[in-house]
Every structure is written in structure tokens, then in C-alpha cells.
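Working notes, beginning with the structure itself.
Keep in mind that what you see is a predicted model, and the values were worked out from it rather than measured.
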Amino acid sequence: MLRHLTPAALGRVAGSDRKTSVLRRLSVTAVALTAAAATVIPAIPAQAAAFKVLVFSKTAGFRHDSIPAGIQAIRELGAANDFAVDATEDANAFTSGNLAQYKAVVFLSTTGDVLNASQQTAFQSYIDGGGGYVGVHSAADTEYDWPYYGQLMGAWFNNHPAIQQATVRTEDRAHAATAHLGQTWTRTDEWYNYRTNPRANVHVLQSLNESSYSGGNMGDHPITWCHPQASGRSFYTGLGHTQESYSDSNFRTLLLGGIRYAAKATNADCRPETGYTTLYNGSTTGWTQAGPARSPTATPR
């Protein structure tokens with residue numbers, strides 16, 4: 001049956017169609033805006049690490065098989081302690097522009113002549129301008145013909161006896177590298193003798209008890225030390241020959257403290273121990289009382 005729509009009915013139908021059309025347009029617009037938002041709003045990047053460190057392990061002489069373990073250990077320390085780690089054996093990384101991104105450079109068991117003249121100049125400018133140096137083990141067997149490096153590192157390698165157990169004395173427990181250690185630490189490593197004793201020019205953190213092993217020939221035998229270098233910082237440890245060192249929590253903490261010191265992420269007094277007078281040497285002989293004596297029963301003030 002055919003029905004005729006009145007003008008009023010036609011108006012209602014037209015109005016309904018317009019509402020449907022408007023709703024459809026709003027829906028399409030909402031979808032378009034959602035898609036645009038997904039396209040325009042970038043993902044929030046992960047927070048950047050507090051600083052970056054370059055690990056340099058080029059060798060031109062003896063090569064330690066512990067180098068890969070050392071690189072991995074430093075990467076793990078960085079991941080756990082908020083610093084990023086780049087590792088290279090390419091000396092071309094030693095340009096002023098490239099070094100500027102790093103707070104410290106770790107010479108990880110380097111040996112021999114590893115930098116040319118222009119690379120040496122760039123590295124010296126980097127350190128003296130405020131950068132950090134960390135030398136590990138045979139970093140002392142490196143760059144013998146470059147006097148600045150000898151000063152920076154502290155003392156060049158001379159020789160060593162066979163790998164054996166020895167007692168390491170902690171001389172300064174205020175430094176982040178040694179604060180976790182007791183007065184002595186017995187461990188197995190390859191113990192370097194150095195050509196000179198660095199004590200006059202560095203702050204010694206650890207030394208070897210030469211009576212605890214065979215082959216030491218220095219008497220006073222520093223093995224870990226630090227010192228300022230112009231506006232930069234230097235940290236060196238003779239430990240770290242063996243692969244096992246890099247899974248030893250005590251050594252890893254030592255290494256972490258050295259890296260953080262060199263990168264200026266923590267502070268320490270590493271001035272050489274020269275020009276100081278010991279106030280107390282274990283005896284009170286010659287001491288005099290500076291003030292009036294007080295009775296043990298006197299009332300405290």
C-alpha cells in the first residue's frame with residue numbers, strides 16, 4: 001500500500017538524515033585526528049646515560065686474553081651505574097672532536113706504541129682540558145717514548161714474576177675505588193715491578209706486601225694510584241691480568257670507582273703525598289699539653 005508523506009513528515013525524515021550525516025562526518029573526523037596524532041606524536045626516548053666512557057684496547061706488543069672479559073665487565077658496570085660505553089682498537093678515535101663526547105678514556109691492557117703524534121696531541125689536550133684517564137694493568141707497558149704519557153700513567157712496567165697469590169695493602173679507604181676493601185686483600189694476579197716508584201708524584205691507594213709473594217723487587221711497591229693531571233684526572237691499577245679478575249666483585253668495584261673518579265662522577269683527594277708533615281706517628285714523645293689539665297670528675301662544658 002502506498003502512503004503519502006505530509007510536509008511535516010518529510011521535514012522529520014530530512015532532519016534525521018542530516019543528523020546521521022553529521023554524526024558520520026564527526027566519526028570520520030575523529031578517526032582522522034586519532035591517526036594524525038599517532039603519526040605526529042613521537043615515542044618518548046629512553047633517558048640518556050649520565051656520561052660516556054671510551055675503552056681503548058689496541059695492542060702493539062703482548063696481547064692479554066683478558067681484554068674481551070674486561071670490555072664486557074666495563075659494559076656491565078656502565079649498564080648498572082648509568083654510564084654508556086664505547087669500545088675500540090682504532091686509534092683514529094683520538095681526535096679532539098671525537099674525544100670531547102667522553103668523560104673518561106680507559107686504556108685496557110694496551111701495549112706498545114698505540115698512538116701517532118697527532119693522536120697524542122689530541123689526547124693530551126683532552127686530558128689537560130678536563131678529561132679522565134684510567135689505566136689498567138699493561139697500560140703501564142705502553143708509549144715508552146712519550147714522556148707525557150709516562151707522567152699521566154705514573155710509572156712504566158719493568159718486569160714481573162709468575163702469576164701467584166699476594167697480599168694487597170689498602171692505603172686509602174676514602175676513595176671510591178677502595179672504600180669497599182679491608183686493610184688487606186689476598187688475591188691472585190700478575191704482579192708488575194715498575195721502573196720507578198711513583199709515590200712522590202701520585203696518591204697511592206694500594207701497595208703490595210712483597211713478603212707475601214716471590215719476585216717483588218721494589219721494596220715500597222705501589223700498585224694502584226690516582227692523581228690530578230692539569231684540569232683532568234688519572235687513575236691506574238696494576239691489577240687485571242687474568243680473565244678471572246673481571247668476574248671478581250671486589251676488582252669490578254675497584255675498577256668502577258676508578259672510572260667514576262676519572263670521569264668526575266665522584267670526588268677524591270688524589271693530590272700527591274708530598275709536602276705534608278705527619279702529625280701523629282704512633283708516639284706522643286715530645287708532645288706537651290696545650291691547655292690546662294682537667295680533673296676526670298670535672299663538669300663538662
Go through the side-chain N and O atoms of S245 and T242 and say whether any donor and acceptor fall under 3.5 Å apart.
-> yes

Could you check if a side-chain atom of N159 sits within less than 4.5 angstrom of a side-chain atom of N217, using non-hydrogen atoms only?
-> yes

Between the side chain of Y246 and the main-chain N/O of G240, is any donor-acceptor distance below 3.5 Å?
-> yes

How far does CG of L208 sit from OG1 of T167, to the nearest 0.5 angstrom?
-> 9.0 Å

So, S57 side chain and L108 main chain: donor-acceptor pair closer than 3.5 Å or not?
-> no

Side-chain donor/acceptor of E143 to backbone N/O of V114, under 3.5 Å = yes

Side-chain donor or acceptor of T224 paired with backbone N/O of Q206 under 3.5 Å | no

Mind checking whether V168 and W191 have side chains closer than 4.5 Å, heavy atoms only?
-> yes

Donor-acceptor under 3.5 Å (S138 side chain, T110 main chain) = yes

Do C226 and H175 come close enough that some side-chain heavy atom pair is under 4.5 Å?
-> yes

Residue pairs meeting salt bridge (Lys or Arg N to Asp or Glu O under 4.0 Å), one or both in residues 87-104, sequence neighbours left out, come to R63-E89

Main-chain N/O of T121 paired with Q124 side-chain donor or acceptor, under 3.5 Å | no

CG of N197 to OG of S207: how many Å apart, nearest 0.5 Å?
-> 9.5 Å

Spatial distance of atom OG1 (T188) from atom OH (Y213) [nearest 0.5 Å] | 13.0 Å

Check: M218 main-chain N/O paired with E210 side-chain donor or acceptor under 3.5 Å | yes

Using modelled atom types only, decide if a donor and an acceptor are shared between the side chain of R169 and the backbone of T184 within a distance under 3.5 Å.
-> no

Taking the side chain as every heavy atom from C-beta outward, state whether R233 and N267 have any atom pair closer than 4.5 Å.
-> yes

Any donor-acceptor pair under 3.5 Å linking the side chain of T266 with the backbone of R260?
-> no

Going by the side-chain hydrogen bond (donor to acceptor under 3.5 Å, both in side chains) test, name the single residue among H227, R271, E171, E273 that passes it with H203.
-> E273

Student check: side-chain heavy atoms of F83 and L256 closer than 4.5 Å | yes

Y102 side chain to D86 side chain, donor-acceptor N/O pair below 3.5 angstrom | yes

Is there a donor-acceptor contact under 3.5 Å linking the side chains of Q72 and E76?
-> yes

With Y149 as reference, evaluate Y133, Y144, W156 under the side-chain hydrogen bond (donor to acceptor under 3.5 Å, both in side chains) test and give the passing residue.
-> Y133

Roughly how far apart are I127 CD1 and S234 OG, rounded to 0.5 Å?
-> 7.5 Å

Centroid separation F56 to F123 less than 6.0 Å = no

Spell out, as yes or no, whether a donor-acceptor pair under 3.5 Å connects the side chain of S66 to the backbone of H241.
-> yes

Do L115 and W146 come close enough that some side-chain heavy atom pair is under 4.5 Å?
-> yes

T196 side chain near Y194 side chain, heavy-atom distance below 4.5 Å = no

Sub-4.5 Å side-chain heavy-atom contact between D113 and D145 | no

How long is the gap from CG on L54 to CZ on F107, to the nearest 0.5 Å?
-> 8.5 Å

